[in-house]
Each structure stands twice: as structure tokens, then as C-alpha cells.
Amino acid sequence: MERWQRQLSDSAVKVEDLPFIPDAQEYRDKLNKVSEIFPIRINSYFLDQIKEANDPLWRQVVPTLEELDDFLNEEETLKIDPLNEEEDMPVPELVHRYPDRVLLMLNNHCPIICRFCTRKRKIGHPGIVTRETLRQGIEYISRHPEIRDVIMSGGDPLLVPDKELERILGALREIPHLEIIRIGTRVPGTLPDRITPALCDMLKKYHPIYANLHFNHPAEITPEVETACNRLADAGIPLGSQTVLLKGVNDDVETMKELVHKLLKIRVKPYYLYQADMTVGTDHFRTTVEKGLEIIQGLQGHTSGMGVPYFVIDTPGGGGKVRLLPDTVLEHNEREIIVKNFEGKTFRYPQPSGKKPKQSLPDHSLVSPSDPLCEMA
Ligand code: SF4
């Protein structure tokens, strides 16, 4: 058994395995009720990173009674599908929402079970993704020449054993119109020993492969995680990070700035910052939308554009992602556009008439390549 497999089999999966929870039996009984619906998994590597109750890692994986605040009955709760994915599944476990790309689920297992997960209805519940659903998914892609991009997701595709993963990648690469394969995974940040040299050697045979990783807090970036990301990057896999905005975990500018700086140092480009989805049992994690805009405003211009993720809402009901930006355009007309920069100063930028505006402008009003506004663009 490899080290990562041992870490996975040593996971906390029961209330009595959890770190830093109250001893009171009544509390534990209620947590048992929570975990019957939303299972627990914290692999032993991630458990070791948790330092105390309520720290940013603890909050992401240890259940609390707050999960019962917006709880329905068990049957209703497990039907909740905040992004309406089930409606966009032409075959089981394949989501075809956007014209040229699909999401293919490879399993229902994750290295940790995040308490805020959008797919709570599936994760940790066995028997949903099977060899047969995978076969149907791959066949669907091969029958649809408009699909040029597949995102392998789940669950976590990197928990699939190497041989099986290679079989799937090989089958996908036989589809001539499929250009890009993406892997959506939280493994590098939560079970980094899984990123073995053998796995990377196998993956690089199936390029172009991209990986969308998932990081929420700078404490997740340990030396082991750095090694894992370096291995993937050295295998030629471009790395991006998706972050979920979570109350009490990362909902302030300084934490987010530290996170994006650490990500860039390990060759991961901050890609999306998600407003938390409306999944049952997760209301206590949700922030206002203004909080996300405030964070983007606090990053823009204060760090390089490479470190500023897109802030998006994945619209409830399946409308797809919508990007949100702080208000930077104050006014626009045929002649000019008036914008506000990261310091709150206003600038006038002439429309392409070839002429400068007639009225005199403040010193900082014309944008030149050395202006911060140009850097932000
Ligand atoms: S790793 Fe992703 S899919 Fe798995 S439980 Fe966490 S958020 Fe959900």
C-alpha cells in the first residue's frame, strides 16, 4: 500500500474520530445525525494539518450543528441540486450545459469531504458513478463532435487508481474532436502524496491536460503540497486554482492576498473565486456578494493581475457562471469613458475617435502604458 493510500484508509469517518469537538454526549448524538446524511471524511494527512477547533482547516471538514440550521428531511435534502446539474445530464453523470464542453463524473469519493460541497447529494454516497455510467459518458462525447473540452470531476478523479485512470484517458484521447482534457481535483492540496512521479509520467502521455485545483486558505500550502504541484507543473500540466469564498475561513482581503501569493509561488494561477453555492446545510458559510467584491477590489492593483481570480456566482438553477466586478466604469458615452482605479481616482479615457477630448483634464486623466490602470486591464 502506498503512503497516500494509507492516509486515506486512516481517515476520520466517524464522530468519535473527529478532532477538537465537545465531549457532551448530546452534542455528539446530534453530530451523528448530521453525519448520517452528510458523511465525514478527513484523511490522516489533512487531519495532521488541523491545529485547533475552528481553525480554517477544521471549519472546512469538521461537521457542526450549524449544518442543521437549514436542514430539510433526509429525502428532500439529498435531492438538493443547487446548480440543477441533473437537468443537464443527457446520460447519467455527464453534465452538458455549455455548447462545447462537458463535465464527466469519474467517482463519488474525495480525499476529504468538504462541509460546504455543492455535490453533497453525491459525495460519499457509493454506487452513483459506475463503469457503465462512465462508458455511456465517453460514448456520448464521441457521438457529439461539438464537444472539444471535457472536465473530469466527481468526486475526485485523482482518487481513481492509475490503471483505471489511464484506461479512461486513453478512451477519451481516441475521440478525434476532443481537444482538451481538464481534471478538477482537490487531491494536490489535501492528499499531496497521491501526486506520485508514476502518476505524473502517466498523465503527461495524454496532453493537452489542464488541472483545476481547489485551495481555500494559505495554511493548505505546505511543503508536501508544494512538491505535489511542482510535479504536476513539471509534467507540463498548467495549474489553476478555484477558491470558495467561505465565512470564517477566507472572507478577508489579507487572507486572500496571502493565498494568491502562495499559489503563484507554487506555479498555480488563481482562477476562480466562487460565491458559495446554496447547498443545504451550508448557510453558515455564505457571505454577502459585496464581501467578494470587496476582496477583488482589495486585490486589484494591490497585487499583479495574475494573482486576481475571477469572482463568479454559479447561478442557482443552472444558468451557469456569471462574473462579477467591482464598479470601475463610472460613466461612458460616445466620446469617452470615465473609470475609477484601485486608489479610487477617476480617469477619462477617450473613445477611438483619434482626437483628445476638448476640455482640459486632470493630470492623471489619460491612460498611458505605465499607468496602474493599464496593468489592471
Ligand atoms: S473536494 Fe470538491 S467535490 Fe469533494 S467534497 Fe470537497 S468540494 Fe466537494
Side-chain angles (χ1 to χ4, degrees), residues 4 7-8 11-13 18 34-35 37-47 49-50 56-64 67 77-78 80-83 85-86 93-95 103-126 128-129 151-160 182-195 211-217 219-221 225 228-229 232 239-247 249-250 259 268 271-286 309 312 314 321:
W4 65 271
Q7 291 166 335
L8 210 48
S11 291
V13 292
L18 292 172
V34 174
S35 68
I37 315 291
F38 302 133
I40 298 167
R41 174 171 295 279
I42 317 172
N43 71 66
S44 65
Y45 161 83
F46 202 81
L47 264 178
Q49 312 310 313
I50 295 174
L57 305 190
W58 187 97
R59 286 185 63 80
Q60 292 184 58
V61 290
V62 174
T64 64
E67 290 183 33
T77 295
L78 289 178
I80 298 290
D81 173 14
L83 304 180
E85 292 179 326
E86 307 289 333
E93 311 314 314
L94 175 139
V95 182
L103 184 146
L104 177 67
M105 296 187 197
L106 261 55
N107 62 7
N108 303 107
H109 307 295
C110 287
I112 55 173
I113 293 183
C114 311
R115 308 315 299 173
F116 50 85
C117 180
T118 300
R119 297 209 184 106
K120 274 187 159 184
R121 67 190 189 285
K122 291 181 187 287
I123 307 301
H125 301 285
I128 297 175
V129 178
I151 304 171
M152 302 197 304
S153 183
D156 201 307
L158 293 186
L159 287 192
V160 175
R182 288 191 268 171
I183 302 173
T185 175
R186 205 172 174 182
V187 159
T190 60
L191 187 66
D193 288 334
R194 165 65 179 119
I195 310 300
N212 292 338
L213 316 185
H214 178 164
F215 288 95
N216 294 329
H217 192 275
E220 291 163 31
I221 300 170
V225 169
C229 290
L232 289 169
L239 306 176
S241 171
Q242 316 207 22
T243 295
V244 184
L245 179 57
L246 298 168
K247 195 192 281 181
V249 174
N250 57 15
L259 174 62
V268 179
Y271 178 36
Y272 279 136
L273 172 63
Y274 280 101
Q275 177 72 12
D277 292 328
M278 292 191 295
T279 313
V280 170
T282 65
D283 210 42
H284 55 295
F285 281 118
R286 290 178 62 218
V312 291
D314 218 337
K321 295 181 191 70

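Model, not experiment: these values are computed from the prediction. Heads up: numbering here begins at 1 and tracks the sequence. Whatever order the structure lists ligands and atoms in, that order sets their numbers, starting from 1.
Regarding atom 7 (S) of ligand 1, its nearest protein heavy-atom neighbour is Cys114 SG, 3.7 Å. For atom 2 (Fe) of ligand 1, the nearest protein heavy atom (residue, atom name, distance) is His214 ND1, 4.2 Å.
The ligand atoms of ligand 1 that sit less than 4.0 angstrom from a heavy atom of Arg186 are 1 (S).
Within the 4.0 Å heavy-atom shell around ligand 1 one finds Ile112.
Using a 4.0 Å cut-off between charged nitrogen and carboxylate oxygen, Lys122 and Glu85 do not count as a salt-bridge pair.
Looking only at distances, a side-chain donor or acceptor of Arg41 sits under 3.5 Å from a matching main-chain atom of Leu8. Formation of a donor-acceptor pair under 3.5 Å by the Thr185 side chain with backbone atoms of Asp156 is not found in this model.
Not a single N/O/S atom of Cys117, whether from backbone or side chain, sits less than 2.8 Å from atom 6 (Fe) of ligand 1. Look at Cys110 and atom 4 (Fe) of ligand 1: an N/O/S atom of the residue is under 2.8 Å from the metal.
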(message) Walk me through whether Thr282 and Thr118 qualify under side chain to side chain contact (heavy atoms under 4.5 Å, CB included).
(response) CA-CA 9 Å; Thr282 65; Thr118 300; over 6 Å; no
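For the pair Phe46/Pro111, no side-chain contact is recorded, criterion being any heavy-atom separation below 4.5 Å from C-beta on.
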